[in-house]
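Whatever order the structure lists ligands and atoms in, that order sets their numbers, starting from 1. All figures in this text were calculated on a predicted structure; none of them were measured in a lab.
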Amino acid sequence: MTVASSTLALAAQLSDLRARGCLTVTVDGHTIALFDYGGKVYAVDNRCPHMGFPLDRGSVRDGILTCHWHHARFDLASGGALDLWADDVRAFPVEVRGDEIWVDVAPHADPKAHLRRRLRDGLERNLSLVIAKSVIGLAQADEGAVETFRAGLEFGARYRRAGWGPGLTILTCMMNLLPHLAPEDRPRALYHGLSAVARDTDGMPPRFIVQPLPGISEPRFFELKRWFRRFIEVRDAEGAERCIVSAVRTGATPQQLADMLFAAATDHRYIDAGHPLDFTNKAMEALDIVGWTPENAELVLTSVVGGYADADRMEESNAWRNPIDLVEILERTFRQLEGLQHEGAKTRRIDEQGRQRLVAVLLGDDPQASVDALLSECREGTSGVDLAGVVAYAAALRIARFHTSNEFGDWDTALHTFTFANAVHQGLRRTHSRELLRGVFDAAMSIYLDRFLNVPAARIPVPNGKVHLSLGDLPALLDRQQQVDAAGEAVAQLLYQGTPPREVIVMLGKLLLREDRDFHTIQCVEAAVRQHEFLVGTPEAMHVLIAAARYLAAHAPTMRAQGQTFNIAQRLARGERLFEA
Ligand code: FES
């Protein structure tokens with residue numbers, strides 16, 4: 001091969017290579033394997049791109065170089081991998097001058113573009129190691145987290161016919177948690193989120209976005225919103241998606257679009273245990289991150305619609321109908337709400353006493369009293385956002401006081417209510433939607449139904465001056481199973497001792513990321529951190545972190561296999577050897 005380059009470097013003598021068939025040389029910091037094959041000289045990076053095994057210990061047959069660890073195959077001439085999980089190995093151009101072998105060690109033309117392509121490979125083929133290596137490489141190349149997140153969002157929203165699911169929710173949760181994590185944990189968080197998207201889309205058919213109504217140009221938001229709700233009512237996802245796309249194309253604002261979706265998501269009671277509404281909130285948070293361009297809004301918002309159309313409705317649930325007909329109570333209440341002026345827009349703040357009173361009622365055993373208390377606050381002009389915040393806090397208390405004598409699966413019951421209540425709270429901060437206000441009442445009914453999870457109630461820890469803990473005590477605690485009460489106690493004592501809450505959150509994030517991805521635990525920690533932001537400076541703020549620590553402890557330790565994959569990628573990035581000689 002003739003190379004015209006000033007970056008050529010003398011690598012070896014041809015006669016030496018011919019004598020041995022393969023030589024390993026170091027040129028300008030690169031360890032290169034030279035092969036004499038079929039009368040030609042080839043040079044490739046000696047480090048297998050999969051997990052670093054020396055390729056000079058591989059074998060060449062029919063122009064294919066095979067690594068002898070996991071048997072990845074490469075085209076010897078170009079370095080291109082024939083097993084995509086392994087990545088292409090770098091092949092260096094070679095020039096032979098008499099008995100001298102010269103190789104061109106010019107740097108890669110565009111390493112970021114290569115890493116982005118590899119991230120795409122990892123997403124397409126559900127390859128966690130490839131995703132981990134790409135995320136680490138992109139972070140080292142100063143690619144912003146938003147761009148990496150965007151790649152996962154676009155992929156997940158397009159390549160899963162069922163639309164928005166746990167994978168994209170985890171990815172968005174992780175992105176929301178990013179500022180609260182230690183800098184070294186941020187790539188790991190993105191890796192978890194992106195891997196969850198890859199797993200969710202693996203083997204799934206793609207989704208095709210519908211076109212807007214033909215020739216539509218004038219804003220027809222109210223008509224489209226009305227149709228959208230009607231189509232969801234009859235479980236027609238396609239017609240509903242077309243309404244969204246048409247609304248986007250005719251200039252509907254993010255607030256209007258939120259209003260449209262949240263209305264349909266709350267037209268029936270607590271659909272699918274709150275998942276569709278939570279997913280909708282997360283989809284909008286994802287758009288906040290990447291920007292509400294028409295293209296993004298169409299792609300992302302249409303992805304949640306299938307979840308509305310297919311959802312179970314609590315009108316059909318025995319628990320919501322018997323022995324007390326909660327649906328009837330709610331419908332009666334909603335009729336009264338309609339008579340009030342523009343509820344969502346009210347701005348009176350609830351005071352501390354009012355909060356405590358309301359929480360006590362919400363945690364009681366009288367559903368009528370719960371809705372009456374909320375309705376009364378609405379009549380007083382209390383803001384929907386504040387009411388939603390109080391309800392979300394009460395839902396977190398169900399977890400903070402969850403007794404471990406319950407069945408293990410009941411953690412999920414309490415979790416669903418909390419994440420739903422958190423989503424309603426976040427949604428009302430986004431749009432003063434009269435319809436979404438119904439979600440506050442739905443969450444209150446779910447808190448009522450969850451009351452048995454606090455019988456007996458676990459004790460909220462009180463200050464214990466006799467113990468002194470450090471943050472470093474938490475990891476060992478969560479190395480053992482079922483340290484639920486101890487974890488809640490430890491977090492509480494740390495906070496009572498004066499440990500800054502942000503440091504406790506950093507540690508909770510670290511502990512979350514070392515476990516295998518669990519959708520609900522990630523949701524719980526993320527919602528608790530969000531709620532903590534609103535409660536910071538109040539005694540209640542501690543309780544949501546206790547809830548997060550208890551839920552995390554209940555679901556730890558896991559095998560931590562996903563973390564091991566990330567650790568391998570990190571070691572490879574540092575140039576460490578993973579194999580024994
Ligand atoms: S195939 Fe080469 S290290 Fe795994």
Next item on the list: Check whether the ring centres of Phe408 and His555 lie less than 6.0 Å apart, and answer yes or no.
Entry: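 Yes; His555 has its ring centre under 6.0 Å from that of Phe408.
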Next item on the list: Taking 2.8 Å as the upper limit, name the protein N, O or S atoms near atom 4 (Fe) of ligand 1.
Entry: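 Protein N/O/S atoms under 2.8 Å of atom 4 (Fe) of ligand 1: His50 ND1, His70 ND1.
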Next item on the list: Examine the side chains of Glu489 and Gln493 and answer whether a donor and an acceptor come within less than 3.5 Å of each other.
Entry: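 Indeed, the side chains of Glu489 and Gln493 share at least one donor-acceptor pair under 3.5 Å.
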Next item on the list: For residues 174-184, pull every pair meeting side chain to side chain donor-acceptor pair (under 3.5 Å), keeping only residues two or more places apart or in separate chains.
Entry: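 Qualifying pairs: Asn176-Glu285, Asn176-Glu526, His180-Glu533, Glu184-Lys510.
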Next item on the list: Check side chain to side chain donor-acceptor pair (under 3.5 Å) between Glu515 and all other residues, then give those that pass, not counting sequence neighbours.
Entry: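 Scan of Glu515 (side chain to side chain donor-acceptor pair (under 3.5 Å), adjacent residues dropped) gives Thr558, Arg560.
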Sequence neighbours excluded and cut-off under 3.5 Å, please list the side-chain donor-acceptor pairs for residues 196-209, or say none.
unit_1, atom_1, unit_2, atom_2, d
Asp200, OD2, Gly167, N, 2.6
Thr201, OG1, Val197, O, 2.9
Thr201, OG1, Ala198, O, 3.2
Asp202, OD2, Asn126, ND2, 3.3
Arg207, NE, Ala157, O, 2.9
Arg207, NH1, Thr302, OG1, 3.3
Arg207, NH2, Ala157, O, 3.1
Arg207, NH2, Leu299, O, 2.7
Arg207, NH2, Thr302, OG1, 3.4

Next item on the list: Compare all side-chain heavy atoms of Thr172 with those of Phe149 and state whether any distance is below 4.5 angstrom.
Entry: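 A side-chain contact under 4.5 Å exists here.
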